[in-house]
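The figures here come from the full heavy-atom set of this structure, side chains too, leaving out hydrogens, waters and symmetry mates.
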Amino acid sequence: MIKLIGVLIVVIGFIFKIETLFTVLVAGIATGIVAGLDINQILTILGESFVANRAVSLFILTLPVIGILERYGLRQRAVYLIESLGKLTAGGVLSIYMLIRQIAGALSIRMSGHPQFVRPLVNPMAQAAVISKHKKVEEEDQEAIKALSAASENYGNFFGQNLFAGSSGVLLIASTLSEQGYKVSELEIAKASIIMAIVAFLVSAIQNYLFDKKLNRKYGQK
């Protein structure tokens, strides 16, 4: 059981919010020592593991590019695009946002998610679309729109991020499969993710469409 001391060290490190890399490194060295390995063997294992998974750090190279795009108004253009769709229904606004979210994920463009994008922009636009069309909206339906807005962000982010071959998730999947003897590239994993991204979009679009139909029945077609 003493060989599981590395797990205890990681748990303690996370509880006390110690630097993650330092915690994992100490846990690895401690596990190697109690397992009877000498320092050279421990360092060799650590070095080989780092080299085998070095692709996981490639996402760092995309950060300067993303920063330049955002610096020159990429997010502002996305906001303008959504705002220009004011005559759409609530479901239409949310479906278009999810599509944009998936495209952004495929291009590794950060859209800040719930607090900076969905709550102040997407949800109010969806709410306004209902009020514009039906002139009123009950609290129950307001809460449902909030939930659908959050769902559109979650669906788009979850199923869109693996469309980018350089995302940390894709790189982790590729390195893990390679260690298990499966020769796959990051691009192949990204291509394989396209099908589920399309299915997720269709399911979300149908859900939003049915919600619009529900509102039409409840408040009457205007």
Side-chain angles (χ1 to χ4, degrees), residues 62 65-170 190-222:
T62 66
V65 177
I66 296 171
I68 292 174
L69 292 174
E70 292 183 347
R71 170 66 178 80
Y72 286 95
L74 184 61
R75 180 184 174 188
Q76 284 73 14
R77 296 304 300 175
V79 171
Y80 175 78
L81 176 61
I82 295 177
E83 288 180 340
S84 66
L85 304 174
K87 294 184 179 180
L88 286 176
T89 62
V93 170
L94 298 179
S95 295
I96 290 177
Y97 173 71
M98 181 178 172
L99 179 62
I100 293 174
R101 193 67 179 85
Q102 286 190 322
I103 294 174
L107 299 176
S108 191
I109 298 173
R110 296 171 296 171
M111 296 184 70
S112 301
H114 295 281
Q116 291 88 8
F117 215 89
V118 174
R119 182 172 179 175
L121 178 64
V122 178
N123 175 59
M125 287 186 61
Q127 301 276 359
V130 176
I131 294 175
S132 175
K133 184 175 183 180
H134 301 292
K135 309 305 179 185
K136 61 179 179 178
V137 56
E138 296 179 359
E139 183 177 356
E140 176 186 4
D141 297 317
Q142 292 178 7
E143 295 300 317
I145 294 172
K146 292 178 182 178
L148 286 174
S149 300
S152 297
E153 164 66 23
N154 292 341
Y155 297 155
N157 180 43
F158 186 85
F159 292 101
Q161 60 183 328
N162 283 351
L163 298 176
F164 179 59
S167 69
S168 57
V170 170
K191 288 181 178 178
S193 302
I194 294 176
I195 297 177
M196 279 309 304
I198 294 175
V199 171
F201 173 75
L202 293 177
V203 171
S204 178
I206 293 173
Q207 182 183 28
N208 294 332
Y209 173 77
L210 293 177
F211 180 73
D212 283 337
K213 298 289 287 185
K214 174 185 174 181
L215 293 181
N216 289 337
R217 290 193 300 269
K218 183 174 182 177
Y219 298 110
Q221 183 73 36
K222 298 295 182 181

### Message
Which residues pass the salt bridge (Lys or Arg N to Asp or Glu O under 4.0 Å) test with D212, not counting sequence neighbours?
### Response
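Checked D212 against salt bridge (Lys or Arg N to Asp or Glu O under 4.0 Å); zero matches.
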
Is the number of heavy atoms from other residues, nucleotides or ligands within 6.0 Å of NZ (K213) greater than 12?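 Result for NZ/K213: open.
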
query = So with a 6.0 Å cut-off around CD of E139, is the heavy-atom count from everything else above 12?
reply =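 Atom CD in E139 is not packed in, count stays at 12 or less.
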
Could you tell me whether the side chain of [Y] reaches within less than 4.5 Å of the side chain of [X], counting heavy atoms only?
X	Y	value
L99	F201	yes
F159	V199	no
V137	Y219	yes
D141	K218	yes

Identify the heavy atoms of [X] and [Y] that sit nearest to each other, and give their distance.
X	Y	value
A126	S149	CB-OG, 4.5 Å
S167	N162	OG-OD1, 4.1 Å
L163	Q102	CD1-O, 4.1 Å

(Q) What verdict does the side chain to side chain contact (heavy atoms under 4.5 Å, CB included) test give for V122 and E153, after you've listed the backbone C-alpha separation in whole Å, the side-chain angles of each residue and the deciding distance to 0.1 Å? (A) CA-CA 9 Å; V122 178; E153 164 66 23; over 6 Å; no

*Without swapping roles, check the side chain of N208 against the backbone of S204 for a donor-acceptor pair under 3.5 Å.*
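Answer holds: yes.
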
- Task: Indicate yes or no for a side-chain donor-acceptor contact from Q127 to the backbone of Q142 under 3.5 Å, with no hydrogens or angles considered.
- Result: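 The answer is yes, because a donor-acceptor pair under 3.5 Å joins these two groups.
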
Do I145 and F211 pass the side chain to side chain contact (heavy atoms under 4.5 Å, CB included) test, and can you show the C-alpha distance, the side-chain angles, and the key distance before you say yes or no?
CA-CA 9 Å; I145 294 172; F211 180 73; 3.7 Å; yes

Check whether the side chains of N157 and Q161 place a donor and an acceptor atom closer than 3.5 Å, and report yes or no.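 Not at all, the side chains of N157 and Q161 share no donor-acceptor pair under 3.5 Å.
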
Checklist line | Candidate pair K146 and V118, rule side chain to side chain contact (heavy atoms under 4.5 Å, CB included), full reasoning | finding: CA-CA 9 Å; K146 292 178 182 178; V118 174; over 6 Å; no

Subject >> OG-CD1 distance between S152 and I96, expressed to the nearest 0.5 angstrom >> reply: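 These two atoms lie 11.0 Å from each other.
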
